[in-house]
**Q** 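Here's a structure for you.
Order of the sequence lines fixes the chain letters, A, B, ..., with proteins taken first and strands second; residue numbering starts at 1 for each chain. Computed from heavy atoms alone, side chains included, the values below leave out hydrogens, waters and symmetry copies.
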There are 2 protein chains.
Amino acid sequence: MAYQGIIETYRPLLNIPEGMRAISMLEGNTPLIPVPKIADRLGGGFDLRVKFEGLNPTGSFKDRGMTVAVSEAAHRGAKTVICASTGNTAASAAAYAARAGMRAIVIIPAGKVAAGKLAGAIAYGAQVIQIDGSFDDALSLVVAISNKHPIALVNSLNPFRLEGQKSAAFELCETLGSAPDWLALPVGNAGNITAYWMGFKQYHEKKKTVLPQILGVQAAGAAPLVLGHPVEHPETIATAIRIGKPARGEEAVTAASESHGRIIAASDEEILAAQKLLASSGIWVEPASAAGLSGLIKEVDSGSLNLSGKKVVIVCTGHGLKDPDIITAQFTKPQVVKSELAELEKVILHD
Amino acid sequence: MAYQGIIETYRPLLNIPEGMRAISMLEGNTPLIPVPKIADRLGGGFDLRVKFEGLNPTGSFKDRGMTVAVSEAAHRGAKTVICASTGNTAASAAAYAARAGMRAIVIIPAGKVAAGKLAGAIAYGAQVIQIDGSFDDALSLVVAISNKHPIALVNSLNPFRLEGQKSAAFELCETLGSAPDWLALPVGNAGNITAYWMGFKQYHEKKKTVLPQILGVQAAGAAPLVLGHPVEHPETIATAIRIGKPARGEEAVTAASESHGRIIAASDEEILAAQKLLASSGIWVEPASAAGLSGLIKEVDSGSLNLSGKKVVIVCTGHGLKDPDIITAQFTKPQVVKSELAELEKVILHD
């Protein structure tokens, strides 16, 4: 039987309306890629893999939750969906709404939404509105709109988003034969860490797959869960987690503590270094997606974490293609040479 | 058993050195997404699906061939790989070379390489060299370099590329239970159409999965196989197939005729209309990847093709994220509004 997408694959495990038709693009079923060179960088002697969620249909993990949220909205007759987004949610909502024949409205904060994400939302036909405020302002506005008008909210406040996102935990347990010992992932609005924890607990209850310890990683300039208070003006190069008041903050803190893990912060420099390290193993992710690895590196280098003999998974939430500008801005421009063999040899052989 | 990438999955069917270690990122295993709304646009009454190759690790189908080409190069001790590229090959070669610990040199033509692709090659650490010539000039140069120096050529002239790429045909036969009746795909350097035909023939010989008819589609401004002669200055918005002298041109023509199919040309306007149609079903692809659908639309609308009762597959070779500029240049800019409920309501409700 060919893969059917996460709703059909996991329907009995999802808390969704009976008979709900799946609006699906066969999201999920993403590869779990071994990265032995990176494990060696971290001391070696353990199994390190990347769950590459950037290979979902719109290029980020958001599709797992969106297939469920949009299917449920369509099931109860909604004609329009709305969300606030730093970009990935926007593209995903736009894609699934288009597929369902629904209108999508996405509200993005001023500035700093990565180019690839905005283009996606537009390409899929969403109405894209930029407000002169932060992500947190945008989220407040869409909540108000959806409370007042017959428009379905598809941010991760929508519980059906988490129902879909927890499928990634199921997949990990199936691929590995159990939960990993450690799971490291970025934390922005905190829906994903919440969903993984839900998923691991549910699968463990059902199939005794044990529970992982969770390392949540925020960007230092947008680390409300590390600081213990909201951040009014979050700033980080990792735009996908540039969020000062996480909607699922409490659940995230609970997930970290229940799992005997923790939530830490990494600087933009540490995040970019981790992005480069992942790319050197062939996995190009957007900056936020490198947060998990940057946190692991920090913990191992400081001696706070011993991974010897463990199974460790890094969740990379979005593809590097989502944010090409970060590369072109930082790396050297391509050399331009004459279209002649001798000229090319000079550049190649004497390099 | 978890999915192992195309070399391990299809090793007995691939003509590769015995004992060759796989340099893999678990490429392949891409979804075959039903697009019933688009089938209806084409008259309905048939099964239409998109093989979404943009969900390979670097965002294009090139990874299928590159895993084999780079593994083989590593197997024989090569330390450096080189390729000419309109962008997708560059990113893929760079990623697999990085993973193998090899140096990658990519030569791209002047102008018109999509932003996301170039950023990818740079991110994965390749030496990117732009020449003041066309793709065809770049290909001649890398052939000369690889003949003269111990540098492995990984363009699709390298037969191991085709060995990998034919795996997409195997996957289609497995998912559908047989080959489709029609396969529509873009034709640029013509390695992919050649590889699909090889794959379908091989699988049919082995498993009696029948043979499809193949519709190859070139961009009208870069249609040497339709015109019957090379195109000196190929021009098209579909940069991935902006090629005037296809390296596998003869094989492509043979594939089309042996399969009782054909190679046709579609205008940039037709390609962009097909791109929009795919996005309205939630599948955002780069322009070249919409060529297959644009060709199907042309043939059906002109009465040359009756798809009633058929199984039809469109191959979409690369993700829309590869070329965001084409979207941002053509679509309307996002509206900017004040961060206030009343302002937002005005824009949303009176739209």
**Q** Can you tell which of B:A138, B:P31, B:P57, B:G120 has the highest number of heavy-atom pairs within less than 4.5 Å of chain A?
**A** B:P57
**Q** Working to the nearest 0.5 angstrom, can you tell me the gap between A:H319 NE2 and B:L321 CG?
**A** 8.0 Å
**Q** With chain A, which of B:I131, B:T80, B:T175, B:T58 has the greatest number of heavy-atom pairs at distances under 4.5 Å?
**A** B:I131
**Q** What part of A:I151 is in contact with chain B, defined as an atom under 4.5 angstrom from a non-hydrogen atom: side chain, backbone, both or neither?
**A** side chain
**Q** Contact part of A:K322 toward chain B, heavy-atom cut-off under 4.5 Å: side chain, backbone, both or neither?
**A** both
**Q** Does B:R99 form a side-chain contact (heavy atoms from CB on, under 4.5 Å) with A:I33? I'd like the steps, not just the answer.
**A** CA-CA 11 Å; B:R99 200 161 168 85; A:I33 307 175; 3.7 Å; yes
**Q** Restricting to non-hydrogen atoms, name the atom on B:L344 and the atom on A:I129 that form the minimum distance, rounded to 0.1 Å.
**A** CD1-CG2, 3.9 Å
**Q** Which region of A:L118, side chain (C-beta onward) or backbone (N, CA, C, O), has a non-hydrogen atom less than 4.5 Å from a non-hydrogen atom of chain B, or is it both or neither?
**A** side chain
**Q** Measuring heavy-atom distances to chain A, does B:I82 have an atom under 4.5 Å in its side chain, in its backbone, in both, or in neither?
**A** side chain
**Q** Quick one: what part of B:S281 sits under 4.5 Å from any heavy atom of chain A, side chain, backbone, both or neither?
**A** both
**Q** Please identify, among A:A123, A:S140, A:G133, A:A2, the residue contributing the most non-hydrogen atom pairs under 4.5 Å to chain B.
**A** A:A123
**Q** Between B:I105 and chain A, which part of the residue has a heavy atom less than 4.5 Å away: side chain, backbone, both or neither?
**A** side chain
**Q** Is any side-chain heavy atom of B:I348 closer than 4.5 Å to one of A:R103?
**A** yes
**Q** Select, from A:Y3, A:F52, A:W284, the one with the greatest count of heavy-atom pairs under 4.5 Å involving chain B.
**A** A:W284
**Q** Provide the closest heavy-atom pair for B:Y124 versus A:A279 in the form atom of the first, atom of the second, distance.
**A** CD2-O, 3.7 Å
**Q** Can you tell which part of B:E343 gets under 4.5 Å to a heavy atom of chain A, answering side chain, backbone, both or neither?
**A** neither
**Q** Looking at chain B, which one of A:I108, A:D137, A:I122 has the largest number of heavy-atom pairs inside 4.5 Å, strictly under?
**A** A:I122
**Q** Which atom pair, heavy atoms only, marks the closest approach of A:I327 to B:A119?
**A** CG2-O, 3.4 Å
**Q** If I compare all heavy atoms of A:L341 with all of B:L141, which pair ends up nearest, and what's the gap?
**A** N-CD2, 3.3 Å
**Q** In terms of heavy-atom proximity below 4.5 Å to chain B, should A:E340 be classed as side chain, backbone, both, or neither?
**A** backbone
**Q** For B:K338, is it the side chain, the backbone, both, or neither that has a heavy atom closer than 4.5 Å to a heavy atom of chain A?
**A** both
**Q** Can you check whether B:I107 reaches A:V337 side chain to side chain, under 4.5 Å on heavy atoms?
**A** no
**Q** Compare every heavy atom of B:S339 with every heavy atom of A:D132, then report the nearest pair and how far apart it is.
**A** OD1-N, 2.7 Å
**Q** So which residue, A:P324, A:G282, A:S24, ends up with the most heavy-atom pairs under 4.5 Å with chain B?
**A** A:G282
**Q** Counting only heavy atoms closer than 4.5 Å, note whether B:L278 contacts chain A via side chain, backbone, both or neither.
**A** neither
**Q** Report which part of B:I283 has an atom under 4.5 Å of a heavy atom belonging to chain A: side chain, backbone, both, or neither.
**A** both
**Q** Quick check on B:N56 against chain A: is it the side chain, the backbone, both or neither that has a heavy atom closer than 4.5 Å?
**A** backbone
**Q** I need the B:N29 CG to A:L55 CG distance, nearest 0.5 Å.
**A** 10.5 Å
**Q** For B:K276, does the NZ atom sit with more than 12 other heavy atoms under 6.0 Å from it, leaving out its own atoms?
**A** no
**Q** Chain B heavy atoms under 4.5 Å from A:D323: which part of the residue, side chain, backbone, both or neither?
**A** neither
